[in-house]
Amino acid sequence: MAGSALKRCPLEGRVIVITSGKGGVGKTTATASIGAALALEGKQVAVVDMDIGLRNLDVVMGLENRIVFNVVDAAKGKCKIKQAAIKDRRIENLYLIPASQSDNKDILTPEAMVRLCKELRKEFDYILLDCPAGIERGFENSVAPADEAVVICTPEVSSVRDADRVIGLLYARSITPRLIVNRIVPEMVENGDMLSHEDVVEVLSVELLGLVQLDNQVVISTNTGVPLVLQKDSEAGQAFRRIAQRLDGQEDLPIEIPQTQKSFWKKLGIIIGIGK
Amino acid sequence: MLNGWLKKLIGKSDSKGVAKKRLQFTLIYDKLEVSDDILIKLHQDIVDVISRYFEIDKESLKLDIRKSEGRSALVVNTPILSAKRVCPPPKGGV
Ligand SMILES: Nc1ncnc2c1ncn2[C@@H]1O[C@H](COP(=O)(O)OP(=O)(O)OP(=O)(O)O)[C@@H](O)[C@H]1O
Ligand SMILES: [Mg+2]
């Protein structure tokens, strides 16, 4: 990481790809939430939907009906970056560059993305790329301009296997990724029916960035388009805020392990002195 | 480990233990997989190298990757027609 960070001039923004290999594990959710959380920390943030033809980040962020230009237009120079970047309605300093819905993935090239990100670095502190599932062209386009990578997986065999593959591909490009384990169900982990984050980290031998539990608020947030990180009672939202803070240099912020309700009450009992 | 054993004893499930074992094996197997392109290239390179020292029947050289429980072996099998008499000159940059 430090190696690739050194390539940039210190005043330029960091390009971070959010990827997973397997589909539906939470890349878009993570991109929207980490992007929003970084902006709340006072950073200038652009989140870019790289899923050409299947755009999603716009609806997750509630910005779907403000789209005029998109990432393909910006990469091909058909519009200015300022025209393609949609300002978030609720969060200051947060911008979305949407995917195009009509084009084919092959319309973008890794070189065009490197060029576009070079421009974006001048305007933003963070550029988060929401990578499409798979390891084909869309992956190449998203990884080529990236300085850093965040790999998302869920505690399931198929997802961890795909994460391993993607981690290998990132290493081959001299990127040392960090891992987020998403959709953790603490009760199942406690019962021995779900891989714990320790298991996942051991199998993948990769640095852990954060842990996010399965949280109904995620669906509620996508229903309404209200950012997850603004929901105070959302465990997942708060986890993403801590992840953003760790990304933003607060490396010694501890990683919180999702707890079962039971162990929460047990702890509370111990604190107030009624625990057995 | 002890945890899993205890759980079995008191009738709790340990499906994650199964998941972890399967994962570890799968990842090892995945990494042993070699693409056809690489195998063809390797075959060519091996033929080239051996041919510097021996007269071989290039057509019947066989290259095989044999797998068993987390290990794999590269097996090269070729009939030798004759040995070359002169030591080949060192070859620069393949
Ligand atoms: N922590 C979570 N708790 C509950 N639901 C979640 C969580 N994370 C993601 N989801 C849900 O899982 C689904 C997939 O999430 P998301 O769209 O972020 O995945 P993705 O990796 O971007 O998918 P794709 O590969 O299709 O782009 C969504 O319906 C989302 O609401
Ligand atoms: Mg997505």
Side-chain angles (χ1 to χ4, degrees), chain A residues 20-22 25 134-136 139-140 151-173 177 179 181-206 208 211 213-214 257-260 262-263, chain B residues 1-50 61-76 91-94:
Chain A
S20 67
K22 188 170 160 57
V25 298
I135 49 173
E136 297 90 26
F139 174 81
E140 299 292 340
V151 171
I152 316 263
C153 77
T154 65
E156 287 171 76
V157 176
S158 52
S159 168
V160 177
R161 180 202 212 171
D162 290 2
D164 182 71
R165 179 93 170 94
V166 160
I167 288 168
L169 293 172
L170 289 166
Y171 271 123
R173 288 164 176 76
L179 181 77
V181 186
N182 186 28
R183 301 186 69 124
I184 296 171
V185 185
E187 290 77 13
M188 291 187 74
V189 175
E190 192 162 278
N191 284 331
D193 275 327
M194 183 176 271
L195 292 164
S196 70
H197 69 275
E198 287 106 335
D199 295 326
V200 177
V201 168
E202 184 194 327
V203 168
L204 294 176
S205 48
V206 66
L208 189 63
L211 303 170
Q213 70 183 60
L214 187 84
I257 300 161
Q259 301 287 333
T260 57
K262 199 176 71 201
S263 56
Chain B
M1 276 303 110
L2 184 68
N3 215 0
W5 176 80
L6 256 176
K7 273 178 183 152
K8 254 177 226 155
L9 208 70
I10 56 174
K12 256 187 167 179
S13 86
D14 181 35
S15 69
K16 81 119 192 203
V18 179
K20 192 175 175 185
K21 288 228 174 63
R22 289 180 58 215
L23 244 177
Q24 285 167 329
F25 271 109
T26 311
L27 294 193
I28 291 170
Y29 261 86
D30 285 354
K31 284 183 185 121
L32 291 180
E33 215 172 275
V34 183
S35 77
D36 282 356
D37 286 351
I38 289 183
L39 224 51
I40 290 167
K41 181 90 172 53
L42 175 65
H43 188 280
Q44 189 53 54
D45 285 352
I46 287 178
V47 166
D48 288 351
V49 169
I50 297 179
L61 184 139
K62 282 223 163 53
L63 198 63
D64 233 349
I65 291 186
R66 294 201 190 135
K67 292 185 202 167
S68 64
E69 289 276 315
R71 285 166 184 274
S72 75
L74 180 66
V75 180
V76 183
K91 207 175 165 189
V94 180

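So that the names make sense, note that chain A is the first sequence line, chain B the second, and so on, each numbered from 1. Side chains are part of it too, since the values below use all heavy atoms of this structure and drop only hydrogens, waters and symmetry mates.
Counting heavy atoms from C-beta on, the side chains of A:E202 and B:Q24 come closer than 4.5 Å. Considering only heavy atoms from C-beta on, A:V200 stays 4.5 Å or farther from B:L23 through its side chain. When side chains are defined from C-beta on, B:K20 does not count as touching A:V157, because their heavy atoms never get closer than 4.5 Å.
Here B:K16 does not pair with A:D193 in a salt bridge; the nearest charged N to carboxylate O distance is not below 4.0 Å. Salt-bridge check for B:D30 with A:R165: failed, with every basic side-chain N at 4.0 Å or more from each acidic carboxylate O.
In this view, B:L61 and B:H43, B:I46, B:V47, B:I50, B:I56, B:V76, B:T78 satisfy the side-chain contact (heavy atoms from CB on, under 4.5 Å) rule, not counting sequence neighbours. For A:E140, the salt bridge (charged side-chain N to carboxylate O under 4.0 Å, His left out) partners at least two apart in sequence or on another chain are A:R173.
For A:D199, the parts lying near chain B are the backbone and the side chain together; criterion is any non-hydrogen pair under 4.5 Å.
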